[in-house]
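Worksheet for the structure shown next.
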Amino acid sequence: MGDMKEETSEMVIGEHAIETVSVDKTTNNEFVSENTTTELEFSEKETFDEILSENKTVESVCEKETKEAVPEETAKETVTEKKLVVVFVLGGPGGGKSTQCAKIAKEVGYTHLSSGDLLRQTIKSDPVNGPMIEAMIKEGKSVPPDITMEILQKAIEESGNDKFILDGFPRDEEIRAAFESATKTEPELVLFFECSEEERERRILSRNQGRVDDNSESVRKRFRYFQEHTLPVVDYYKRKGLVLQIDAGRLEEEVFETLKSILGPSTTMQAEEAPITEELGKKISELGL
Ligand SMILES: Nc1ncnc2c1ncn2[C@@H]1O[C@H](COP(=O)(O)OP(=O)(O)OP(=O)(O)O)[C@@H](O)[C@H]1O
Ligand SMILES: O=c1ccn([C@@H]2O[C@H](COP(=O)(O)O)[C@@H](O)[C@H]2O)c(=O)[nH]1
């Protein structure tokens, strides 16, 4: 690393997990130091709770976010041109993502957006694209990314917020690339809800919300789409050190407790007990923790 001056800090997330972020003081870039893997082997099989109970290190690579004064001539920019703080929530259909996202978003002041919900609303409001969207949903296929992105960006802009929990998004590589390119945004964190197929199917078939895709035939197709197209997106973010796996097979309250320990206000108090660099402090406040 040459003669780079390095400052390392550890942050307590929840009660036990520790994130190690090093800051190259010569460039102010954050990087994960090479010796941080000793405590964490974050495999697909590990749930966040297992990490908590074993006091392991959670590695997270976050792009350095620079905050610059906004020049007057760009003051009229749209929200999607501004810096967004985004948490993606992925997991198989029926794992309880929407249930949890709605609750945790309220708790932490983020806006919860489910691209699936937005598309279902569009079926009712858009006579041109509506029938095509409904057909895609019934087949468990992805609506073309340009349509989904337009709807999502509109919802982002209309929310007036700059912090979002995006639920069930991005569900494939194509929409992941489209989102990152259109918004110039990488997620701060990707929560991966892990729950068995049997349990998820049980939950979906008793959901009773009148969804056209809550039937055995559509469920089979949606599960397959998840395996073939969504898991590669999870892997993509795992390689970037951004994924936290949640055991979503538990009771609703238990899952929520875990989410609060990751994103909730108590995290701030615990994090404040650890030494925090200026850069790390910025990151924490941008996450709203
Ligand atoms: N922990 C839980 N235990 C039992 N049932 C749950 C739990 N969490 C959610 N549910 C129920 O399971 C059903 C599916 O939950 P939810 O809609 O939140 O899942 P989802 O992951 O958003 O699904 P999809 O990807 O299909 O939109 C709902 O009826 C919900 O009330
Ligand atoms: O980004 C998205 C999200 C969803 N879809 C379609 O909607 C259904 C239902 O999605 P849920 O996340 O389960 O609510 C999904 O199976 C897709 O057909 C989409 O195309 N793009």
Side-chain angles (χ1 to χ4, degrees), residues 12-19 40 42-56 58 60 85-117 163-171 187-209 211 213-214 219 222-223 226-227 230-231 233-235 237-238 241-271 287-289:
V12 177
I13 301 177
E15 285 190 2
H16 309 281
I18 298 167
E19 177 178 276
L40 173 72
F42 185 51
S43 76
E44 278 189 31
K45 291 193 189 85
E46 268 176 322
T47 64
F48 183 72
D49 284 349
E50 282 165 344
I51 293 170
L52 288 180
S53 66
E54 288 172 34
N55 199 19
K56 289 184 174 178
V58 175
S60 174
V85 176
V86 168
V87 173
F88 289 153
V89 179
L90 292 172
K97 300 181 296 297
S98 295
T99 305
Q100 297 294 339
C101 289
K103 283 169 75 176
I104 195 68
K106 261 192 207 143
E107 181 100 3
V108 297
Y110 280 52
T111 296
H112 166 214
L113 292 176
S114 150
S115 46
D117 282 348
K163 296 182 199 148
F164 298 91
I165 295 186
L166 297 189
D167 160 13
F169 187 92
R171 68 192 313 267
E188 302 297 321
L189 191 65
V190 179
L191 299 177
F192 176 49
F193 277 38
E194 207 280 324
C195 182
S196 73
E197 278 200 0
E198 296 73 28
E199 174 63 13
R200 288 191 282 113
E201 182 165 13
R202 223 181 349 262
R203 290 181 188 179
I204 288 175
L205 296 180
S206 53
R207 180 155 45 190
N208 214 13
Q209 288 173 1
R211 281 177 54 161
D213 55 351
D214 279 355
V219 164
R222 290 159 66 198
F223 281 10
F226 167 71
Q227 289 288 337
T230 311
L231 283 181
V233 176
V234 176
D235 280 341
Y237 286 121
K238 260 185 193 161
L242 291 173
V243 176
L244 277 183
Q245 192 159 313
I246 309 291
D247 176 3
R250 295 167 298 159
L251 294 174
E252 241 181 82
E253 256 326 294
E254 291 173 0
V255 180
F256 188 55
E257 285 306 312
T258 299
L259 290 181
K260 279 199 288 189
S261 75
I262 298 167
L263 297 170
S266 65
T267 311
T268 316
M269 277 151 50
Q270 286 154 4
L287 276 167
L289 299 176

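No hydrogens, no waters, no symmetry mates; every other heavy atom, side chains included, goes into these values.
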Can you name the side-chain hydrogen bond (donor to acceptor under 3.5 Å, both in side chains) partners of [X], sequence neighbours left out?
X: Gln209; value: none
X: Ser98; value: Asp167
X: Glu257; value: Lys260

Short side-chain to backbone donor-acceptor contact, Gln100 and Glu252, under 3.5 Å: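 It does hold such a pair.
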Arg207 side chain vs Asp214 backbone, donor-acceptor pair below 3.5 Å: no
Flag side-chain contact, heavy atom, 4.5 Å: Glu188 against Lys163: no
Ile262 vs Leu189 side-chain heavy atoms within contact, under 4.5 Å: yes
How many angstroms lie between atom [atom1] of [X] and atom [atom2] of [Y], to the nearest 0.5 angstrom?
X: Tyr110; Y: Leu166; atom1: OH; atom2: CG; result: 11.0 Å
X: Ile104; Y: Thr99; atom1: CD1; atom2: OG1; result: 13.0 Å
X: Ile246; Y: Leu259; atom1: CD1; atom2: CG; result: 5.0 Å
X: Asp247; Y: Glu254; atom1: CG; atom2: CD; result: 8.5 Å
X: Asp235; Y: Phe192; atom1: CG; atom2: CZ; result: 8.5 Å

Mutual orientation of the aromatic rings belonging to Phe88 and Phe169 [parallel < 30°, tilted 30-60°, perpendicular > 60°]: perpendicular
For Glu197, side chain to side chain contact (heavy atoms under 4.5 Å, CB included) partners two or more places apart: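 In terms of side chain to side chain contact (heavy atoms under 4.5 Å, CB included), with neighbours along the sequence ignored, Glu197 is linked to Arg200, Phe223, Gln227.
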Minimum-distance pair of heavy atoms, taken over all atoms of Pro93 and Phe226: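 Closest heavy-atom pair between Pro93 and Phe226: CD-CB, 3.9 Å.
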Pair Arg202 + Glu198: basic N to acidic O under 4.0 Å: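 A salt bridge is absent here (no side-chain N lies under 4.0 Å from a carboxylate O).
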Of all pairs that satisfy salt bridge (charged side-chain N to carboxylate O under 4.0 Å, His left out), the ones with a partner from residues 89-117, not counting sequence neighbours: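 Every salt bridge (charged side-chain N to carboxylate O under 4.0 Å, His left out) pair that includes a residue of residues 89-117, provided the two are not neighbours, is Lys103-Glu253, Asp117-Arg120.
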Arg171: salt bridge (charged side-chain N to carboxylate O under 4.0 Å, His left out) partners, not counting sequence neighbours: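 Once residues adjacent in sequence are excluded, Arg171 has no partner under the salt bridge (charged side-chain N to carboxylate O under 4.0 Å, His left out) criterion.
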